[in-house]
Amino acid sequence: MSGGGCSIVWFRRDLRVEDNPALAAGVRAGAVVAVFIWAPEEEGHYNPGRVSRWWLKHSLAHLDSSLRSLGTSLITKRSADSVSSLLEIVKSTGATQLFFNHLYDPLSLVRDHRAKEALSGQGIAVRSFNADLLYEPWEVNDAQGHPFRTFADFWERCLSMPYDPEAPLLPPKRIISGDASRCPSDTLVFEDESEKGSNELLARAWSPGWSNADKALTTFINGPLIEYSTHCRKADSATTSFLSPHLHFGEVSVRKVFHLIRIKQVLWANEGNEAGQESVNLFLKSIGLREYSRYMSFNHPYSHERPLLGHLKFFPWVINQDYFKAWRQGRTGYPLVDAGMRELWASGWLHDRIRVVVSSFFVKVLQLPWRWGMKYFWDTLLDADLESDALGWQYITGTLPDGREFDHIDNPQFEGYKFDPYGEYVRRWLPELARLPTEWIHHPWDAPESVLQAAGIELGSNYPLPIVGIDAAKVRLQEALSDMWQQEAASRAAIENGSEEGLGESTQLTPIAFPQDIQMEENHEPLRNNLATTIRRYDDQMVPSMTSFLRVEGEESSLDLRNSAETSRAVVPRNVNVNLEPRRDTVNQGVRRTVRSNDTLAQFDFTVGLGYAEDSAAESSSSSRRERDGGVVPVWSPPTSSYSEQFVGDENGIGASSSYLHRHSESHQLMNWQRLSQTG
DNA sequence: TAGCGTTTGCG
DNA sequence: GCAAACGCT
């Protein structure tokens, strides 16, 4: 290639110097300018919440100091549009190449494709790499070359691929710095004054940064890993790996995790260590779920906002702000649920099991729209991750082909005794119940008056009565589900009659808006008043703002935009209807939204991805190295006119779970994005 | 110890 | 709601 010019290494969610293929390629090619572009408006609703921004701030500082010790530094840019920033950086540095690592969420797929087009158009050589997955989504297919639909099949295939995931790369020994003298960094501001107090607490529990991630990995593998299978069923999170936020920001590579785990696996297999082997398999499964979440996101780019099984769009969600508020504040009257929500609120963390408990409760007992819950998780979790969270919520609502079914309600009382048999978890997060004996800790409403009195509890006053009874919830859920199937059948019949009304207005589906009027600050006041005396140590906790993006729009920003010349919202690809624009979002975000309410529809054209799959199959026998150097960015292309019809197919889902299929076999057809691109 | 009911866990 | 694992006779 060209001599002279340096290369740009564009860091995103790969904030590490070890096993970073894009960085390695840059170093191999000569001088490097390392950049990070902060463009939160580009991400619409899903721009990072307070705790995520806190993490990012520290992770970037850590990366910068690593790069400095290697001979260069991290150029940071505040931007409203990543692609134009890249073009400016190219201009000011005279770079001739761009390297970056793949991401698989829909926004990134579109943006990265745009970046590739724009820079290639300027004569820049653009190459991209796999740094986030064991295998690229398009590498893992069934015998017919189609993507898998169930996790079990997908993961089985991953574990028996004919070639291993790439071995991790060592960090570069030295980096020759490109000339960035005409490309000064912007100071990025990730927290405002009001957030600092809350953020200080995070630093006591967490250490962002790639070398800390590496330490956390080593500690986990040499310690808690062996007990992972026995302890992972307890709410007390002492034996989880705590790697998820590190993994989200790419501070540690899954391939490294995988290789180190494999070493233990072989060791324990040789020793005949049963518990160890079981733990390894279980932990690998959680890595597999992370892979699967990207796989699903790639194959079904709308899964973060649309159920994969189409019938769910007919579910009559309960729109009740008071329920939503009670759930967020941990005041539902179910101790395990409430303890979980308080932990999340205070610490940005929640054990996986408890995530399942609180989200099932949200969807099945309260019957609130799942995307509200997902958005709240997004804003409050330290390891908020669009693909994983979308997968989790889809699992809970029974819209994954092999997920849970919707119609079974888990009783938080029994789950309480399963995950927290001695009530320690509840007592830690709900001090008002601390003196209640274990016998009653997960169902205080059954406790005799004398017991409650002795424990200082007055139900309905200092701890709520159950917000909804489980039996009532079961009845209501059955009604809602039969309503859903009725609507679905009616819609299908209408379609078969050739009446276009089927999915349209006649089913009077009303979009469910995000509760944009909800101000978390305002809402947490009552709770604060209640708890100020009892839980003093959390009383400076702010609920991360659910509406920060709205305030970016309008009034004073909670994100600091002072350094941004362009405070206007990012220009997003116009045709991409992933509801990037807050305004559109708030009107148009319902699960029950009609298809036709989307005027323009996006098409992800995966022909390049598919073509690549062929390439890689051909290459895999001869050379697996070439695959890593792939250079493929999944291609997004504007909608074709015939497209919307096909889109209806995807609305209807990717095919039913086996049991749903049984009961409602006529109602589902297999339709996925690969197919669409082939037929379209 | 085969055969049965019961419990557990589920991506 | 079902399959595997468990434990009882």
Side-chain angles (χ1 to χ4, degrees), chain A residues 133-134 137 140 147-159 228-235 240-241 244 247 254 274-275 277-300 303-304 307-309 311-312 336 350-364 370 373-374 377 383 385-421 474 477-478 481-482 485 653-665:
Chain A
L133 294 174
L134 300 176
V140 187
F148 291 100
R149 290 165 54 226
T150 62
F151 170 72
D153 295 343
F154 165 80
W155 190 229
E156 196 188 297
R157 175 69 182 151
C158 287
L159 291 175
Y228 190 77
S229 69
T230 47
H231 289 267
C232 76
R233 284 178 196 91
K234 294 289 168 283
T240 65
S241 70
S244 55
L247 279 166
V254 260
E274 298 285 325
Q277 283 173 274
E278 203 191 320
S279 290
V280 162
N281 289 334
L282 215 63
F283 183 70
L284 282 180
K285 194 171 105 177
S286 70
I287 296 290
L289 287 166
R290 182 183 174 280
E291 297 272 311
Y292 185 60
S293 73
R294 273 112 179 104
Y295 186 76
M296 293 303 271
S297 175
F298 179 81
N299 288 312
H300 309 279
S303 56
H304 67 296
L308 287 168
L309 295 182
H311 57 256
L312 203 74
L336 187 65
L350 208 49
H351 188 286
D352 185 52
R353 296 281 156 165
I354 307 302
R355 295 182 195 200
V356 173
V357 170
V358 299
S359 52
S360 297
F361 186 85
F362 185 89
V363 165
K364 298 181 182 186
W370 65 283
M374 184 174 138
F377 269 25
D383 59 1
D385 180 282
L386 197 57
E387 294 94 311
S388 295
D389 292 349
L391 185 74
W393 283 88
Q394 299 250 2
Y395 164 59
I396 295 304
T397 45
T399 56
L400 287 179
D402 58 350
R404 255 171 198 229
E405 295 203 15
F406 202 167
D407 47 11
H408 184 257
I409 291 185
D410 291 304
N411 191 325
Q413 175 183 339
F414 303 137
E415 290 185 305
Y417 287 106
K418 203 159 37 167
F419 301 138
D420 181 32
K474 280 182 183 167
L477 185 62
Q478 286 313 324
L481 285 169
S482 66
W485 289 118
I654 59 168
S657 79
S658 51
S659 48
Y660 277 129
L661 193 59
H662 240 78
R663 280 183 283 147
H664 305 275
S665 54

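Quick note on labels: first sequence line is chain A, next is B, and so on, each numbered from 1. No hydrogens, no waters, no symmetry mates; every other heavy atom, side chains included, goes into these values.
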Engineer: Students often get this wrong, so: under 4.0 angstrom with heavy atoms, is A:R290 touching a base, only sugar-phosphate, or nothing?
Structural biologist: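 No contact.
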Engineer: Can you sort out the partners of A:Y292 under ring pair (Phe, Tyr, Trp, His ring centres under 6.0 Å), two or more places apart, ordered by chain and number?
Structural biologist: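 Checked A:Y292 against ring pair (Phe, Tyr, Trp, His ring centres under 6.0 Å); matches are A:F151, A:F154.
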Engineer: Do the side-chain N or O atoms of A:R353 get closer than 4.0 angstrom to the phosphate oxygens (OP1, OP2) of B:dC10?
Structural biologist: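 The answer is yes; a side-chain N or O of A:R353 sits under 4.0 Å from OP1 or OP2.
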Engineer: When the distance from CZ of A:F414 to P of B:dC10 is rounded to whole Å, what number comes out?
Structural biologist: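 Atom CZ in A:F414 sits about 19 Å away from atom P in B:dC10.
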Engineer: Tell me if a side-chain donor or acceptor on A:S297 pairs with a main-chain N or O of A:R294 at a distance below 3.5 Å.
Structural biologist: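 A pair under 3.5 Å: no.
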Engineer: Within this structure, what is the CD-to-P distance between A:E278 and B:dG9, rounded to whole angstrom?
Structural biologist: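 Nearest whole value for this atom pair: 11 Å.
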Engineer: Using a heavy-atom cut-off of under 4.0 Å over every strand shown, decide if A:G392 touches base, sugar-phosphate, or nothing.
Structural biologist: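 Here A:G392 touches the bases of the nucleic acid.
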Engineer: Write down the distance between OH (A:Y292) and P (B:dG11), rounded to a whole number of angstrom.
Structural biologist: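 For the pair A:Y292 OH and B:dG11 P, the rounded distance is 11 Å.
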Engineer: When the distance from NE2 of A:H408 to P of C:dC2 is rounded to whole Å, what number comes out?
Structural biologist: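 So the two atoms are 12 Å apart, to the nearest Å.
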Engineer: Verify, without hydrogens or angle tests, whether A:D389 (side chain) and A:D385 (backbone) share a donor-acceptor contact under 3.5 angstrom.
Structural biologist: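 Side chain of A:D389 to backbone of A:D385, a donor-acceptor pair under 3.5 Å: yes, one is there.
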Engineer: Using ring centroids (six-membered ring only for Trp), state whether A:W393 and A:F362 fall under 6.0 Å.
Structural biologist: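 Yes; A:W393 has its ring centre under 6.0 Å from that of A:F362.
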Engineer: Measure CD1/A:I409 against C1'/C:dG1 and give the value in whole Å, please.
Structural biologist: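 Going from A:I409 (CD1) to C:dG1 (C1'), I get 15 Å.
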Engineer: Distance check needed: B:dG11 P versus A:Q394 CD, whole Å only.
Structural biologist: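 So the two atoms are 16 Å apart, to the nearest Å.
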Engineer: Salt bridge check, A:D383 against A:R355: does any charged N sit closer than 4.0 Å to a carboxylate O?
Structural biologist: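 A:D383 and A:R355: salt-bridged.
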Engineer: Which residues, if any, of residues 151-159 of chain A bring a heavy atom under 4.0 Å of DNA chain B?
Structural biologist: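 Result for residues 151-159 of chain A: A:F151, sorted by number.
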